[in-house]
**Student:** 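Have a look at this one before I ask anything.
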There are 2 protein chains.
Amino acid sequence: MPKEIISNDQIKAARYAKAMGHPIRMYVLELLSRQSCCYSGDLSEVLPIVKSTLSQHLKELKDAGLIQGEIEAPRIKYCLNKENWKEAQELFNRFLNNPVKIVDCQIDK
Amino acid sequence: MPKEIISNDQIKAARYAKAMGHPIRMYVLELLSRQSCCYSGDLSEVLPIVKSTLSQHLKELKDAGLIQGEIEAPRIKYCLNKENWKEAQELFNRFLNNPVKIVDCQIDK
DNA sequence: TACTTTGTTCGTAATTTCACGAACCACGAA
DNA sequence: TTCGTGGTTCGTGAAATTACGAACAAAGTA
């Protein structure tokens, strides 16, 4: 949709950011970045939303490529998608840790 | 809205992430992180959207606290909101650079 | 086979987002 | 005062998001 002025990295970073743009999804991601995996039922017990809504949030994280589910008996085990998580880390690290210049605008007129 | 299970930091990070969740806004933020400031008109010339839409995106970034505008003659100069930008950096750095554990779930049953 | 557990999908409703054009406002210049 | 210039706000649609409950599906257990 946007022209070539917008880089692929910016589009990718925006997609990851959008997936992170909800407290519930942030919670899940942070949990998975510390705990390696979890089950939807465990989340459902703790979070203030019904399971169908949680399922939707998990689907969004999955569609964005940030997590992945693995069938395990009656349950489904969720973990980070390591590959894409790494990509997101790199994109955001590069983006955020750009040293902010103090020089004023080029266009000074 | 969410219970106490979700931390304030997660809510804040989600708010920043949401603001970053569009390629246009990503573009603006990345520009400002390299260039210290810019004018809406310059962006409008380059980006494939009309100026009213751009204005909306800039407002979202402003509302999220990531940028600020300063009136300057006929134009408005936009820069990063240094304070909040720093906060976002810290939140995301902490969040993203959590070393991913390889140990399996606690709940192994 | 019937029951239970675990999650997804469906249908619905309220809200928000995204994009556009038209109208408007502030302010310096003629 | 009138005219540009530069942006914002308003009004409007189309589409996406968020949330819920009900219904459904898969797979192990009685």
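Convention: sequence-line order gives letters A, B, ...; per-chain numbering from 1.
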**Student:** If you assign each of A/Lys51 and A/Lys18 to its closest nucleotide in DNA chain D, which residue comes earlier from the 5' end?
**Tutor:**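 Looking at the nearest nucleotide for each, A/Lys18 comes out on the 5' side.
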**Student:** Would you indicate, yes or no, if D/dT8 has its OP1 or OP2 atom less than 4.0 angstrom from a side-chain nitrogen or oxygen of B/Ser52?
**Tutor:**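 The answer is no; no side-chain N or O of B/Ser52 sits under 4.0 Å from OP1 or OP2.
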**Student:** Are B/Glu72 and B/Tyr39 close enough that a side-chain donor and a side-chain acceptor fall under 3.5 Å?
**Tutor:**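 Note: B/Glu72 and B/Tyr39 side chains meet the donor-acceptor criterion.
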**Student:** So that I know where these two stand, are B/Phe95 and A/Trp85 an aromatic pair - ring centroids less than 6.0 Å apart?
**Tutor:**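 Distance test on ring centres: under 6.0 Å, yes.
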**Student:** Quick check on D/dG28: is either OP1 or OP2 less than 4.0 Å from any side-chain nitrogen or oxygen of A/Arg75?
**Tutor:**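 No, outside the criterion.
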**Student:** Judged by each residue's nearest nucleotide on DNA chain C, which is more toward the 5′ side, B/Val50 or A/Lys59?
**Tutor:**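 With A/Lys59 and B/Val50 compared, the 5'-side residue is A/Lys59.
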**Student:** Below the 4.0 Å mark, does D/dG6 have OP1 or OP2 next to a side-chain nitrogen or oxygen of B/Tyr78?
**Tutor:**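 For D/dG6, OP1/OP2 do not have a side-chain N/O of B/Tyr78 under 4.0 Å.
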**Student:** Return whichever of A/Ile49 or A/Pro74 has its heavy-atom-nearest nucleotide of DNA chain D closer to the 5' end.
**Tutor:**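 Checking each residue's closest nucleotide, the 5'-ward one belongs to A/Ile49.
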**Student:** Please determine if a side-chain N or O atom of A/Ser55 lies less than 4.0 Å away from the OP1 or OP2 oxygen of C/dT8.
**Tutor:**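 So the side-chain polar atoms of A/Ser55 do come within 4.0 Å of the phosphate oxygens OP1 or OP2 of C/dT8, strictly under.
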**Student:** Which part of the nucleic acid, if any, lies within reach of B/Gln56 when heavy atoms closer than 4.0 Å are counted: base, sugar-phosphate only, or nothing?
**Tutor:**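 Counting heavy atoms under 4.0 Å across all strands, the contact made by B/Gln56 includes a base.
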**Student:** Would you say the base of D/dG7 and the side-chain of B/Ser40 have a donor-acceptor pair closer than 3.5 Å?
**Tutor:**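 Checked by distance alone, the answer is no.
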**Student:** Counting only side-chain nitrogens and oxygens, does B/His57 get under 4.0 Å of the OP1 or OP2 atom of C/dA19?
**Tutor:**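 Yes, such a contact exists.
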**Student:** Report all side-chain donor-acceptor pairs from residues 10-18 of chain A shorter than 3.5 Å, counting only partners two or more places apart or in another chain.
**Tutor:**
from	atom 1	to	atom 2	distance (Å)
A/Gln10	OE1	A/Ser7	N	2.9
A/Gln10	OE1	A/Ser7	OG	3.3
A/Gln10	NE2	B/Glu30	OE1	3.1
A/Lys12	NZ	A/Glu87	OE2	2.9
A/Tyr16	OH	A/Glu87	OE1	2.6

